[in-house]
Structure formats: structure tokens, C-alpha cells
Protein chains: 2
Amino acid sequence: MTDPLHTGAVIGILGGGQLGRMLSVAASRLGFKTCIFEPGGDCPASHVANYHFQAGYDDAEALRAFAQAVDVVTYEFENIPTSALDIIETLRPIRPGREALRISQDRLTEKEFLTGLGLQTAPHAAVDSADDLGTALESIGTPAILKTRRLGYDGKGQARIMSPDEAGQALDDMAGSAAILEGFVEFTHEVSVIAARGLDGSVACFDPGENVHEGGILRSTTVPARLTPTQRSDAVLLAARILNALEYVGVLGVELFVTPQGLIVNEIAPRVHNSGHWTQNGCAVDQFEQHIRAIAGWPLGDGMRHSDVVMENLIGDDIDRIPAMAREPHAALHLYGKTACKPGRKMGHVNRVKPGKP
Amino acid sequence: MTDPLHTGAVIGILGGGQLGRMLSVAASRLGFKTCIFEPGGDCPASHVANYHFQAGYDDAEALRAFAQAVDVVTYEFENIPTSALDIIETLRPIRPGREALRISQDRLTEKEFLTGLGLQTAPHAAVDSADDLGTALESIGTPAILKTRRLGYDGKGQARIMSPDEAGQALDDMAGSAAILEGFVEFTHEVSVIAARGLDGSVACFDPGENVHEGGILRSTTVPARLTPTQRSDAVLLAARILNALEYVGVLGVELFVTPQGLIVNEIAPRVHNSGHWTQNGCAVDQFEQHIRAIAGWPLGDGMRHSDVVMENLIGDDIDRIPAMAREPHAALHLYGKTACKPGRKMGHVNRVKPGKP
């Protein structure tokens, strides 16, 4: 256990998107400076950070200079090249650690890790060839979904197989990448737990949120989620089991399917998570600050919420509705400073706060 | 009325202290970039801003370059040299406008403006000489307080006169500056209203907060304040009268004494105000975002609060209590990134949120 970081310490963040941006703002609230490593130039996080290294993840010299300029390194996305991490970790601690990245970078490894902990996942099988896919479809059945094992997000690198005759096309869609076939899970709804583990091993969870996806992209999160008290404590215990197994430091997102047979883990993300954005306006310590507290060796916030919140993502031309949303009472806007608007691009989100007593 | 600013527009802020820092963060939430003008180097606002002009207020070239780099100019303190404003206003709009600055830069002008609006102030008289002071003390009596007309803040440039024989010392303390004698007001408590006026003339107020000062420095603000419904609406109407008279654009702080004879205006500040920091954790749109919305031509937030809050300033070695406060439930820390701690220096604040229903 190292000493907690103090005012003026520098948090290094790999990735300059909106998650890095909001991590950076949270770090500033605790008196820290931030340093962003991001190949792109005018990236969302660079607008609010002290320092910005604009260089590629294959630029060893820049990675070394970045690591030397900061006190601790964290990241906003899980697909960081191993070679970059190898360089950084000789110089500064990386939190969360390598094990969480190794597991979450590969859907198959992740599923095996989760089932090894005694947690339920969707039925699945590795698919490296047409033969594998045939065998997998026989045991799992259709409908099913074929996914690349690595580098997929927001519904990319996925192909649905509604009947066995779609198998060939789905395999072609993987373009030769190692894949995993997942059976469909009959769920009533989807929730996620944003959980954190401190450097001292303490664990804190935010209240589970209920997620609605559209086209593979998160559309909204509502807190509280529809869960029985048992489901709620199951969700929290399950998240804690994952955190402890990984000796994790930081915030982790756990997506869960709610089914009559219990909670089934969909996937985990070793970082702050879109479904935790509601905490910005529902808790005294939000998920971004919680993550910074963890990696800085500070005590965790307790995760209690002071208000109910519905978070809506603003995707693509949803931003045309900003003038109207700016007039809504109790609506907190969070825009990412992206000037180019594309379909499917996350431009911001709005947290609609449901006031309590006052 | 000009068009509202959009994502990517740049807000120029004169002054790089904690108010500039929190304005900058709020601007980023709306997708704006910020540019700080501040003579000091490693200033709190520069940590979270896109651009920083480090130059003096007498550097005409830097002021011109700053103005040309931004879309609108605002400020975090009222004592900006007139010569600097003269340069900027030929290039970009300054919001709030010059009239608010002219009035609030001089305590006597401010008092005359307020009484001209039919508002109550402390009894007062201009003091430019020992004779003036003698005459003023005869009419106002003791105890009284002698203040420099210009450039005072947080209790600086003030001398108490408990009996007439202290007059000479008090006048010496002014060091030749034009001064104003103010009579003591018998008040039960002090409140402030954080009010805003948009570019379209609309007005919105946050709930009044109750302030406790120690040694001339704000110690805490509690919301809601102890006020009767009549006092509450008086406070809001009075703030609106000031805003409209100044054709103000932005957030204004109004400090009020609560007395059996009604509300007496202590002073106004043409900027975001320390007593409005509670809004960061009590409202969907806080005072900093409210100010940015106003100067950017956006609709104002409605000022409603979702939670009760007690704001405590962290002054000087109050920061030694941060580890303990970091463990408090529902406590939101806001540190300013200042590494040098001095007695009386504002290092941060903590908002203790009182949850409602959830």
C-alpha cells in the first residue's frame, strides 16, 4: 500500500474521449492535475486536462515521457496494446492492473474467468473455424450471436445468427478474427452495477441502474432499477466477488441480465462505464471521482445516492434537442465538446434528477 | 440579442483563481472550451482550461490576442483595470457589462446605486479626510466601519471604529485611499441570493443561503436559509430589481442582512460568489453553469434545488481535515489545486448534501 496522492499530483490517463474528459474533471475536484495520452489532436479530454501527449501507442519514447510526467496511470478503454503497458509499468503503477485488462480484452477469457468464480454467463463456445461454429450452433442453438473475441464495443464486431443457414455470413463478418458464439439469454431487463475497490481492498457499489440499449448502444439508465431486494444484494455481492478475484483497484462496470433463473453476467468493463453517468447528479461522489479516489489511494465514497436519476445518452443528432433540454427543470446536461456529429456517435448525455424532499 | 454559442466556442475568463476554475469546468459541461487570462503561472483555472494567456493586465498585445482567441469575455473578479476592459470591448462582448463593474468597483457608487433603486443599505458617508470622518461619525455614530472605496475583499482594507478616539488610527489604515464610513447594522443573520439574468432578459434565482463569516471570510452557507416566505420573495425581487437596472448578463451575488426592519443590502458582487458554491451539489444547473449559460446566450436553469446543502469553506490548514472529510457520507469535496497553503487562503470547500426521498 502506497501513500495517498495529494494536491498537485498528476494522474495519467490513457485515452482522450469523454470518459477521460470526465475522469479529468473529477480529478481536478480532488486537487489533482491530469495528463492525457491520446493519438488524436483536439480530443474531448484534452480540453480539460493540464497536459496532453499527442502520440501513438507504439511511440515508446512518448510513452516513457508520459509515464515519467505522472504519478499513476489509468485508462478510459480496455483495448490498450500490451506493448504500451509493458513500457509504462516499468515506470509507474497502472491501475486497474494488468490482470483486469488481460481478462476483459478477450470475451472468451472473460467468460471463463466469470464461470470460474461460480457466476452465470450466457452459454458460449469458442469459434475459430466453420467446423467450430457448426458444433457450437448444435449445442447452443439459434438464435445466437457471433462476436469477435477482441476489440468489439457498442455492437461492433457482432453478427446475429437467427437460423443455422446464416452461419456462413456471420463467420465472414468476423473477417478471420477469433470469435465466440453466445446463446441468447431470455431476460426481462438489463441492469448494471458500478462497483469500486480501493487500494486498501475496501469495496463500494453504486445502486444498480436499469439499462435500455438500442442497436447495441446504451440509450438510457434509470436508477433505481427494478430489482427485488435479493436481486439487489446478489448484484452487489457478485460485483464484489469479481473485484476481489482481480485484486482490482478502481471502478468496474458489470452488465447483468435479469432472468427468472437469477442474474447472468453479460460483460464486465475495467473502467468507468456509460451506465454509471447518472452518479454525476445522483451522488456526492460520482463514478469518475470514485475511480480517481481508488487509484490515488484515497478512501472510497460510500456510493449512496441522494436522488433518483434517469440518464439519457445523446447520440448523433440527438444534440438537435439540446435547446429544448436546456429549458427542462432538473435536467443536467453533459456535453463532450465534440464538434463533428456522426450517426451513432456519443455526443453527450443528460441526467434528469428526481428531487427528494426539498 | 446574438445567437447562442455552440459546442467548440471559446469562453474567455479574466482571472485564474478557483472561481475561474469552476467556471471553466462548467463551461466544459456545455461543450465549450475556455481560455484563461491570468498573470500568475500555475493558477487553479489553468489546470482545467484549454488555453492560458499568462500576461499582465497592462499587456495590451496579450489582451488583444486573448480577445481574438475567444467568442465572449467574462471575469471571476470585479477589480479588473479599466484600461484592460477598454481594449477587450473593442473586440469581443464583455459579460456582465461595464456598468456592473463600474458600480461594484466602488463601495460608495454601489451604495448610491442601491439606494437609488429604493433598496435599504447600511447608513454610510464618503470619507476623504479627517474632517469628513468627524462629520460622518457624528451622523452615523459608533460602532462603525471604515472601508476603502475600491479594491477591498475578504475583510481587507477595513478598520472598525468602536469609539470616536479610534478614528485617527482607522484613517491611517486606509493609507490615503478614498474611503466610506458604514454604520453597523443590527442583523439577526446574513443571507445571500445568487441571481442570474440571461441575454434575453429572463431572471432566475437560486434559493437564498444563510452565511456565517469569521474574520471577514465566509465560513459556511446553509440552504435553505432561515427566512419567512415574505423575506424569501423580498430577497428574490430585490435581486431581480438590481439585475434589471444594470441590464445585467450573468450571475450576481447579493449579500443581505436580515433585520426586523427588513432586508438590508450589504454588498453585491458581479460574478459567481462563494456563497453559491452549494449549488454544485444541490441543483441540476449550478451557479457556474448558470453564469456560462447566461453569457453564452443559452436559456437559464430554473434555480430549483433537489437537495438541502451545507457548504463549508476549507481555509488554510482546514485541509488537514480532508482525509477525515473524504470518509464522510454525502460529503462532496471541491479542492482548488493550490499547493501552497497560507492562513486565510481558500483551499477548497465541502458540500454536505442532505438527501431527500431516496
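Scope of the values below: all heavy atoms of this structure, side chains included, with no hydrogens, waters or symmetry mates. The shown structure was predicted, so the numbers you read here are calculated from the model rather than taken from an experiment. Below, read A as the first sequence line, B as the second, and so on, with proteins coming before strands; counting in each chain starts at 1.
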Exercise. Would you find a donor on one side and an acceptor on the other, under 3.5 Å apart, between the side chain of A:Lys338 and the backbone of A:Lys346?
Worked result: yes
For this session: Can you see which heavy atom on A:Ala294 is nearest to which on A:Gly198, and at what distance?
Result: CB-CA, 4.3 Å
Exercise. Hey, are the side chains of B:Leu314 and B:Leu335 touching, using non-hydrogen atoms and a 4.5 Å cut-off?
Worked result: yes
Problem set entry | Intermediate values then yes/no, side chain to side chain contact (heavy atoms under 4.5 Å, CB included), B:Arg345 and B:Met347 | CA-CA 6 Å; B:Arg345 190 171 201 209; B:Met347 305 299 291; 3.9 Å; yes
Problem set entry | Test item: A:Val272 and A:Glu76 side chains (from C-beta on) under 4.5 Å apart, heavy atoms | no
Exercise. What heavy-atom pair brings A:Val193 and A:Ala235 nearest, and what distance separates the two atoms?
Worked result: CG2-CB, 3.6 Å
Exercise. Does anything in residues 273-287 of chain B get under 4.5 Å of chain A by heavy atoms, and if so which residues?
Worked result: B:Asn281, B:Ala284, B:Val285
For this session: Heavy-atom pairs under 4.5 Å with chain B are the metric here; pick the option from A:Glu289, A:Lys33, A:Glu328 that has the most.
Result: A:Lys33
Problem set entry | Which portion of B:Arg293 sits near chain A, non-hydrogen atoms under 4.5 angstrom | side chain
Exercise. Chain B: which of A:Gly348, A:Gly8, A:Pro329 shares the most heavy-atom pairs with it under 4.5 Å?
Worked result: A:Pro329
Exercise. By a 4.5 Å heavy-atom criterion (distance strictly below it), what part of B:Asp207 contacts chain A: side chain, backbone, both, or neither?
Worked result: neither
Problem set entry | chain B contact residues among residues 320-327 of chain A, heavy-atom distance under 4.5 Å | A:Ile322, A:Pro323, A:Ala326, A:Arg327
For this session: Kindly indicate, with the supporting measurements, whether the criterion side chain to side chain contact (heavy atoms under 4.5 Å, CB included) is fulfilled by B:Leu5 and B:Val72.
Result: CA-CA 9 Å; B:Leu5 297 181; B:Val72 63; 3.8 Å; yes
Problem set entry | Heavy-atom proximity to chain B below 4.5 Å, by part of A:Ser46 | backbone
For this session: State, with a plain yes or no, whether a side-chain heavy atom of B:Asn313 is found less than 4.5 Å away from one of B:Asp318.
Result: no
Exercise. Looking at side-chain heavy atoms only, is the closest gap between A:Ile194 and A:Gln290 below 4.5 Å?
Worked result: no
For this session: Verify whether one side chain among B:Asn211 and B:His189 offers a donor that lies under 3.5 Å from an acceptor in the other.
Result: no
Exercise. Side chains of B:Ser307 and A:Ser307: closer than 4.5 Å at any heavy-atom pair?
Worked result: yes
Exercise. What's the verdict on side chain to side chain contact (heavy atoms under 4.5 Å, CB included) for B:Glu38 and B:His52, showing C-alpha distance, side-chain angles and the deciding distance?
Worked result: CA-CA 7 Å; B:Glu38 160 68 44; B:His52 175 199; 3.9 Å; yes
Exercise. Does a side-chain heavy-atom distance below 4.5 Å link B:Val25 with A:Val48?
Worked result: no
For this session: Residue by residue, scan residues 221-230 of chain A and write down, ordered by number, those that have a heavy-atom distance under 4.5 Å to chain B; if none do, write 'none'.
Result: none
Problem set entry | Side-chain touch B:Tyr51/B:Val70, heavy atoms, less than 4.5 angstrom | no
Problem set entry | Minimum heavy-atom distance between A:Val251 and A:Ala196, given as atom pair plus value | CG2-CB, 3.9 Å
Exercise. Can B:His47 and A:Phe32 be said to form a side chain to side chain contact (heavy atoms under 4.5 Å, CB included), step by step?
Worked result: CA-CA 9 Å; B:His47 302 174; A:Phe32 302 129; over 6 Å; no
Problem set entry | Check: B:Leu23 and B:Ile11 side chains under 4.5 Å, non-hydrogen atoms | no
Exercise. Out of curiosity, A:Gln54 CD to A:Phe37 CZ, how far, rounded to the nearest 0.5 Å?
Worked result: 10.0 Å
For this session: Output the residues of residues 12-21 of chain B for which the shortest heavy-atom distance to chain A is under 4.5 Å, in residue-number order; output 'none' if no such residue exists.
Result: B:Arg21
For this session: Considering only heavy atoms and a distance below 4.5 Å, find which of B:Ile319, B:Leu300, B:Asp42, B:Thr34 pairs most often with chain A.
Result: B:Asp42
Seminar exercise, completed: The reported gap from OG in B:Ser24 to CD1 in B:Ile292 (rounded to nearest 0.5 angstrom) is 8.0 Å
